[in-house]
Amino acid sequence: MRFQTLRGFNDILPDDFRYWRYVLNKAVELADRFGYKQIDTPILEETRLFLRGLQEGSAVVLDKELYTFEDQDGTSVSLRPEFTAGLMRAFVEHGMASWPKPVKLFAIGPLFRHEKPQAGRFRQHVQFNAELLGEEDAAADLEIMQLAYSLYHELGFKGLAFQLNSIGCPRCRPAYIETLRAYFRPHQAGLPEVDRRRLEVNPLRVLDTKEAATLPLLDGAPRSIDHLCPACADHFHALTGYLDLLGLPYVINPRLVRGFDYYVRTVFEVWGSELGAQNALCGGGRYDGLVESVGGPPTPGVGVGIGIERIVISLRRQGIEPPPLTQPQVIVLHYGPAAKAEAIRLVDELRRQGVPTLMAFGDRSLKAQLKTADRSGARYALLLGEEELAAATVTVRDLQAGTQTAVSRQDILPWLRSRLP
RNA sequence: GUGACCAUAGCUCAAUUGGCAGAGUGCCUGGUUGUGGCCCAGGAGGUUUCGGGUUCGAGACCCGGUGGUCACCCCA
């Protein structure tokens, strides 16, 4: 019986971790630098949390992609498909509304969606998520965008740019949606089925259609940024002003939208050019209605979700090499039973003293052990045999230089310390 | 959920019109006493993704499953 990973699930192998460590270390370091506190919430939550307050049409679709089952108590539970819902639940459950504002959180962990796998899209993927809660200032939107941008930039990505839009708020959006529907009404008959359905269920989604028949109409379509209420317009102009101030590259994209009601004002993505149809590296936006939707007080919020797999794929395609992972620079070889016992003691001693050390296993020929040592990547092979035991020394072979010297057994630790990085 | 292409050794790939399943690389061992890399020799490693079918004969042709890649759908 042979087993394999489930469709859309991946093993992350040691060689992959060169990239993963590089990315995750950078993400955590940046979050610290920006003053975000790490939080982790359960992978499993009550199903209702993920389906709360969504539009009818959306709930049906999302339900299909949710990994849901009944647990032994008969509770319907689901693997989290996103971070934000759990974070909002934690925000309310732990009274973070009474913490000093803003509350700035980040989380890293796996998310699960039963989708058909595609470039950079898997059923389990790891996301880095940052949220800034309790602040309406456009400078908060800017900060979240900067955090995302800095991550890609500092990892070595080139040609980055924001796609940016504002989709208004519950005050101005309904009127805009009516304007949008009115614009398409005369063309209704010529529209593809999917887009006619979108106009009814989720009108903003028509704007990011890929239907050839609809595309020509989009150029003349009314833009949400031209129909913002004064407060939303001010917010948007403030944000673009800040982006200009910092010289961050952005493109105002009137077709960039979100499908859910709790999104307001800012929506953005960071685009790279390495991922086929999935050219969005990450997406984020403002969601002032979200905390309320899980039973908390009205709380403005802005956040971003960044897929780690997409970064790793993109790094590989761009030929960006992460720094190599550190590995033990010392390996202990032995020849003869008495020497093996001493080798076991020496390995133990070095590791206790904090020196990463490898042990040559088995009772193989010295030649075979040296071959192993060579492939291990270690710099120094410490050789113990009858001669060394008799003289109370260790033969240290520099595998890089091909030279070797005898070092007194009791001096081996300082000898290594002075030479290892 | 829809569609296209794909699946041979751990990895990268061969195998003429349907006729003995191979190479490179990696792995293990050896090239005589306690010395790696280079070189040489040997070895292990395959139900050709799985299940059916056609055929004297299938890695190859047909049907189905599983998985991969890509696009659509959707994207919290």
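Naming convention: chains lettered A, B, ... in sequence-line order (proteins, then strands); numbering from 1 in each chain. Side chains are part of it too, since the values below use all heavy atoms of this structure and drop only hydrogens, waters and symmetry mates.
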Any-strand Watson-Crick or G-U partner of [N], both distances under 3.5 Å:
N: B/G67; value: B/C6
N: B/U35; value: none
N: B/C27; value: B/G43
N: B/C73; value: none

Check every strand shown and say whether [X] touches a base, only sugar-phosphate, or nothing at a heavy-atom separation below 4.0 Å.
X: A/G8; answer: sugar-phosphate
X: A/Y287; answer: nothing
X: A/R364; answer: sugar-phosphate

- Nucleic acid footprint by protein, nucleotides 33-43 of chain B - heavy-atom cut-off 4.0 Å, B for base, S for sugar-phosphate alone: -BBBB------
[N] to [M] separation - [atom1] atoms, rounded to the nearest Å:
N: B/C70; M: B/U29; atom1: C1'; answer: 45 Å
N: B/C61; M: B/U25; atom1: P; answer: 30 Å
N: B/A23; M: B/A14; atom1: C1'; answer: 7 Å
N: B/G67; M: B/G57; atom1: C1'; answer: 29 Å
N: B/U66; M: B/C50; atom1: P; answer: 15 Å
N: B/C38; M: B/C28; atom1: P; answer: 13 Å
N: B/G53; M: B/C6; atom1: C1'; answer: 22 Å
N: B/G45; M: B/G22; atom1: C1'; answer: 14 Å

Please state whether the phosphate of [N], meaning OP1 or OP2, lies under 4.0 angstrom from any side-chain nitrogen or oxygen of [X].
X: A/R121; N: B/C74; value: no
X: A/R7; N: B/G68; value: yes
X: A/Q4; N: B/G67; value: no
X: A/R205; N: B/A76; value: yes

- Message: Pair A/Q404, A/T395 - check side chain to side chain donor-acceptor pair (under 3.5 Å), show working.
- Response: CA-CA 7 Å; A/Q404 63 187 45; A/T395 297; 5.4 Å; no
Separation of atom [atom1] in [X] from atom [atom2] in [N], rounded to whole Å:
X: A/F112; N: B/A76; atom1: CZ; atom2: C1'; result: 15 Å
X: A/R197; N: B/C72; atom1: CZ; atom2: C1'; result: 12 Å
X: A/K210; N: B/A71; atom1: NZ; atom2: P; result: 8 Å
X: A/L204; N: B/A76; atom1: CG; atom2: P; result: 12 Å
X: A/I313; N: B/G68; atom1: CD1; atom2: C1'; result: 13 Å
X: A/E309; N: B/U69; atom1: CD; atom2: P; result: 12 Å
X: A/E115; N: B/C74; atom1: CD; atom2: P; result: 12 Å
X: A/Q118; N: B/C72; atom1: CD; atom2: P; result: 6 Å

- Task: Looking only at non-hydrogen atoms, find the nearest pair between A/L132 and A/P102 and report the distance.
- Result: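 Here A/L132 and A/P102 meet closest at CD2-CB, 3.6 Å.
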- Query: When the nearest nucleotide of RNA chain B is assigned to A/T84 and to A/F9 on a heavy-atom basis, which residue is associated with the more 5' position?
  - Reply: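 Final value for this comparison: A/F9.
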- Quick one: on RNA chain B, does A/F83 or A/T5 contact a more 5' nucleotide (nearest heavy atom)?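 Its nearest nucleotide lies further toward 5', so the answer is A/T5.
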- NZ/NE/NH1/NH2 to OD/OE distance under 4.0 Å, A/D374 and A/K371: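 Salt bridge flag = no for A/K371 with A/D374.
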- If you measure from the Lys or Arg side-chain nitrogens to the Asp or Glu carboxylate oxygens, is any gap between A/R316 and A/D16 under 4.0 Å?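 Here A/R316 pairs with A/D16 in a salt bridge, since their nearest N and O are under 4.0 Å apart.
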Any pair counted as ring-ring contact (aromatic ring centres under 6.0 Å, His included), so long as it reaches [range], sequence neighbours left out:
range: residues 317-342 of chain A; result: none
range: residues 393-421 of chain A; result: A/Y380-A/W415
range: residues 313-332 of chain A; result: none

- Task: Not counting sequence neighbours, which residues clear salt bridge (charged side-chain N to carboxylate O under 4.0 Å, His left out) with A/E136? List them please.
- Result: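 Listed in chain order: A/R265.
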- Results of side-chain hydrogen bond (donor to acceptor under 3.5 Å, both in side chains) for A/S76 - residues two or more places apart only: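 Expected list: A/T47.
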